[in-house]
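The chains referred to below are lettered A, B, ... by the order of the sequence lines, with proteins before strands, and numbering in each begins at 1.
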Amino acid sequence: MNVAKLSAFLLRRPGALIGLALLLVQIVAILFAPYIASFSPTDADPLSSTLPPGGEHLFGTDELGMDIFSRVVFATRVNLLISFTAVFVSLAIGVPIGVVIGFYRGFLSTVVLRIFDFLQSFPIFVLGMALVAVLGQEIWSVAIVLTLLFVPMFARLVRAEVLSQRERPFIAAARCAGANDLQIMFQHILPNAMTPVIVQISIAIGMAILLTAGLSFIGAGVRMPSPEWGLMVSNGAQQMILGVWWIALFPGIAIVLSVLCFALLADALRDLTDPRLQGDRRARTA
Amino acid sequence: MHAPLDATPLLELDGLTVGIGGDAAPILNAVTCTLRRNEILGIVGETGAGKSLLTKAVLGLVPEGLRVLGGDVRFDGCSVFDRRNEDLRDLRGGKIGLIGTNAKALLDPVAPVGRQIARVLRAHARVGESEAQSRAIALLREVGITDPERRAKAYPHELSGGMAQRVVIAMALVTDPAVLLADDATLGLDATVQAQVLDMLVQRCRRRGLGVMLVTHDLGIVRNCCDRIAVMREGELIEIENVDAFLRGPRQAYSRSLLEAAKARPTPSIARHTASERPLLQAEKLVKIYGGPFTHQVRALDGVDFSIRPRETLALVGESGSGKTTAGQCVLRLTNPTSGRILFDGEDVTDLSAQKFKPWRRRIQMVFQEPYVALNPRWRVRDLIGESFRLLDPMSRGERERRISALLDAVHLPSSLASAFPHELSAGEQKRIGIARALATDPDLVIFDEPTTALDIRVRAQIIDLIRDLQSRRGMSALFITHDLNSVRSLAHNVAVMLHGRIVEYRSAEDIFATPREAYTRKLLDAELPVEDPPGRATNVSEAIAV
Amino acid sequence: MPLAATWHRLPRFVRIILTRLGMIVPQMLGVTLVTFLLVRLLPGDPARLILGNFATDDSIKALKQHLGLDQSLPVQMERYLIAVLHGDLGMSPFTSNPVLTDLAQRAPATLELIGYAMILTVIAAVSLAVISVVRPGGIVDVVARIYGLVAGAIPDFWVALLLVFFLFHILGWAPAPFGRIDAMINAPPTITGFLTIDSVIAGDRTAFWSAASRLVLPVLTIAIVNTGALMKMAQTSFRGAYQSEFVNHMRLCGVPERRIIRSALRNALPPIISQTSFITGFLLGAAVLVETIFAWGGLGQYAVQAVVNSDYAAIQGFVLVASAFVLVVYSVADILYELADPRIQV
């Protein structure tokens, strides 16, 4: 698909355009955070504690007097780093497992599947707390918790696709052409099973951002003073009841926009990756 | 042979035009015809001719995105399009019954079929649930379902295709309609079941004096069931004629080409082998049992023997579940027989490992039944055809390209198609790609699994011609797996009739068609609805009924 | 095989329920063992934690012996299993209560919250899905589309805070986010542990209104966040059924639209059931964020506290109860799923 077609595709989908714009904003925030933010994200200033938005502090300050705008900008780095790492590591582990347990339906595959069942039905926040307790309160611990959650998700998704593909006649046809198990699994089945996975990547990044924020919120994630959106909302939680709304509001909006961005991109990818939905068609209804 | 026709038209289509509107060509263009009481009108056309849309438009229900652009449909003198919502609902399924294709998809999968029939009745008449149920059961009996009380409680997935079709017919008849629209009502059913269902349907309609529009792509059905025929092409009704007159000679060139394509061709003669010539393929006492020791066992193959000599074509004929496809899969080692031997060119290949069997793959190839699903949707035609080159004989890129365009040429496709994806091709083109793929390794034996099903009449004839042509030029042997006797007549030298995993009759094609010995073979032959009388046989559904 | 014959003569729903019940026992056993192992992987020496940093090695050793921590893993496992079978989940050194008592006190709070939230979620999601599919392009469809996109992106704890800020702080419509019932009102005598039900049983109007109004914000929070996902799933499933051939056939047979929608929804149920059970199971752990904000005192908060305190017995107990709950939810969902789809062989 060339540039002209891609832009035509985007113009027909305002959602995709908004998604791309939001992605661009985040990339800029990641690359140029020190230039955008006028304060250090981690420096407390007791003299300017809990200042409302406006003036020098665009989004106001928190109880410790940290500039909320700077923290929101810098947190993009932390949140996206955790999410992307977790999702792509899970992808690299989960997809091959999914292909194999979908293709060979033996005892071992069943065992793997049961383990996944258990991992997925395990209360995520308790698992997160427990692991962070074991591994220490580092951002990598959060990434590992997310990976544990996402590996089964990707593996199951791929497995379900493989199951539906493996009985299709073109697999038998490939066998007739002389293809062996490995070639069938990775050349024939996997490309056909990837469409939902590609869409799921984007969704998973969104989920990862939400879960990271959630874990930090209950104190099982990133530690102060690191800038992280969930942690920042958590800092503002008590104040919210008293009417100090800005501490929790802005990082919350950042979470919503970031997750929304990946949800919109997922929708666009779903249409884009389906060869049956692409633009140039001489499909004759036969 | 026709029953006396009522003069006043029951249903009138007057210049009916349906389309997207604007500059786009209409999908139905000024269709004009009438349907009388006690008449069966056959509507024939190929895919995309607008046949199915016609039946929906008659009910005043065109799919989303389409509009009625002009013309009118009158039922009993009143326009269908004028009616208010409630009247229309009364027309649909009330005055006009509809029988669709693929009955199993038309039934609600989570409701018992008896209740579904009752549901239609209760939508049109004030009757209680139990009254509706008993009417449904009575009707199920009438459409030939044994033990209707029990069947009424069954879910659609528990019924065979033929039974589901009868249920759909019962749904259409339950409100005592005056007009019945049957849209390819027997597509996909086994021939003997199709004959029974059609027979029953025609009888019911004649007895009740209904006007029936029988939409089909099978001229054999028209010849055997209908009074008049209407030929559709690209949304236009190009010819409407009494069936007898039509069969003697259609007026339009297109109609003639349809009729011609529906006729069987004489089997190509091959140089008679000397008896000493060694068979290319021998299957000996093949047995295939599905299911384990603790589950229900199915003997898909139960001691099957056959052999094919070089340049010879054997047809395995049978209905669904007879084991003919399993036999083909055993030969290709897509599944392993439980017992028995397969000899290829004198060598036992039954127990070879996948790796050892690989060299044999190039000599035995298969053309799969449904062309679209047998082609990896993400691969281009070039890669699909070239897959076996890549896997079996490594060669240079240029050499591969040359061979691919030669193969495309052999199946009469332009080499420009090499970079197309399967979904961009028509069904006929997909079928040809499937054949080209099988020819890629220059095989000695090609297995054709249902090569002619689900194809339009003319495309089917083209594919049959192509296969005949390829066989005579390349001198390969073929194993045909099919239920389409018409194509068997055109292609096979020998025929093996299969039933419940066994071969019941195995003789030369001429002999089997002229003097079938087994009762089942005769039943199969009787169920065939040819467009022309084969010599020596003359059975005809509508004649049998007229008597 | 007379046994098999008897089995097949049983009505289908009896077979479904018996099969599921038969599966719960080994599954529960597996869950118990895995829970035991998993919790043992946590670091920290429980004996030292209980006794504090100034304990002597001897007293730690004595306590270890008392708790059985000096035994080999299989022996510990066996002891644990036997204890669980007797309903003994151990003592929590931090609340000084038997873990079972702690959990039994807190479980109704969480279940009441999840229960009402799921009822609201399912009703809202299915209604939105059905209306948006039946009337594409209508107001409901547009609203549902925007909501479906945004709902998945909102963190529940943030929604909770916004609701508190607007409905409590600004408008003053909602009660303060401090617990399940007003501190000035006597809670009704505990029968089910569900305050709304207990107060109805006790005929205590004030307690009922207090408990019900305290439920509004947390229930709303959970429903707002989870309705989106369920709605999208219900839309896909219902759209598939509503646009299928059999529905079109029903329409061509003149069956009224109301009846058609009912049949289509009936067909669309199985995936909705699975998704509902999945969300319900997930919420048991995930509701902790909402519980924290509203000081709900439920299971989730207890578990988080237990992790912070490295309270082995409490964590084990919670995970066991949570897994059992998830198992029950999934089993009920499986039973409903199989009842809803007659094509599944039992």
Side-chain angles (χ1 to χ4, degrees), chain A residues 15 18-19 114-115 117-136 203 206-207 209-211 213-215 217-220 229-230 233-234 236-245 247-249 251-253 255-264 266-267, chain C residues 27 30-31 34-35 38-39 41-44 145 148-162 164-166 168-170 176-178 225 278 281-289 291-293 299-301 303-308 310 315 318-319 322-323 325-327 329-330:
Chain A
I18 296 172
R114 288 291 146 264
I115 294 174
D117 273 348
F118 187 79
L119 268 179
Q120 285 191 301
S121 65
F122 208 85
I124 163 75
F125 288 103
V126 176
L127 181 72
M129 297 273 320
L131 274 166
V132 172
V134 176
L135 303 165
I203 294 171
M207 281 172 69
I209 295 168
L210 279 178
L211 289 171
L215 284 170
F217 185 84
I218 52 166
W229 294 326
V233 175
S234 165
Q238 286 308 312
Q239 312 284 332
M240 197 83 164
I241 301 167
L242 307 171
V244 178
W245 48 269
I247 303 180
L249 180 76
I253 290 175
I255 296 174
V256 173
L257 290 182
S258 181
V259 178
L260 186 65
C261 158
F262 291 102
L264 289 169
D267 274 0
Chain C
Q27 279 176 331
V31 163
V34 177
T35 306
L38 215 75
V39 172
L41 291 177
L42 283 179
R145 199 171 302 166
L149 257 181
V150 178
I154 310 177
D156 46 3
F157 52 90
W158 190 65
V159 173
L161 290 177
L162 289 185
V164 167
F165 180 70
F166 285 110
F168 168 68
H169 181 79
I170 303 266
F178 307 127
V225 173
F278 180 75
F282 175 76
L283 272 182
L284 188 73
V288 57
L289 299 173
E291 286 186 8
T292 310
I293 291 172
L299 283 180
Q301 271 181 296
V304 169
Q305 211 52 52
V307 173
V308 170
S310 295
I315 299 173
F318 167 75
V319 172
S323 307
F325 173 75
V326 170
L327 206 60
V329 168
Y330 284 7

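- Atom CG of Leu210(A) and atom CH2 of Trp158(C) lie 11.5 Å apart (nearest 0.5 Å).
- Side-chain N or O atoms of Glu291(C) include one that pairs as donor or acceptor with a backbone N or O of Gln301(C) at under 3.5 Å.
- Interface remark: of the candidates Ala213(A), Pro251(A), Gly236(A), Ala213(A) forms the most heavy-atom pairs closer than 4.5 Å to chain C.
- The aromatic rings of Trp245(A) and Phe165(C) sit tilted relative to each other, their planes meeting at an angle between 30° and 60°.
- In this structure, no portion of Ile209(A) lies under 4.5 Å from any heavy atom of chain C.
- Both the backbone and the side chain of Leu289(C) come within contact range of chain A, with heavy atoms under 4.5 Å apart.
- Contact count against chain C (heavy-atom pairs under 4.5 Å) is highest for Gly214(A) among Cys261(A), Gly214(A), Ser258(A).
- Using modelled atom types, no side-chain atom of Ser234(A) and backbone atom of Gly230(A) make a donor-acceptor pair closer than 3.5 Å.
- Contacts of Val304(C) with chain A are made by both backbone and side-chain atoms, with heavy-atom separations under 4.5 Å.
- Neither the backbone nor the side chain of Leu257(A) comes within less than 4.5 Å of any heavy atom in chain C.
- Between chain C and the options Gly15(A), Ala263(A), Ala248(A), heavy-atom pairs under 4.5 Å are most frequent for Ala248(A).
- The environment of CZ in Phe278(C) is sparse: at most 12 heavy-atom neighbours from other residues, nucleotides or ligands sit within 6.0 Å.
- In this structure, Phe178(C) CZ and Ile293(C) CD1 are separated by 12.5 Å, a value rounded to the nearest 0.5 Å.
- For Leu283(C), no part sits under 4.5 Å from any heavy atom of chain A, backbone or side chain.
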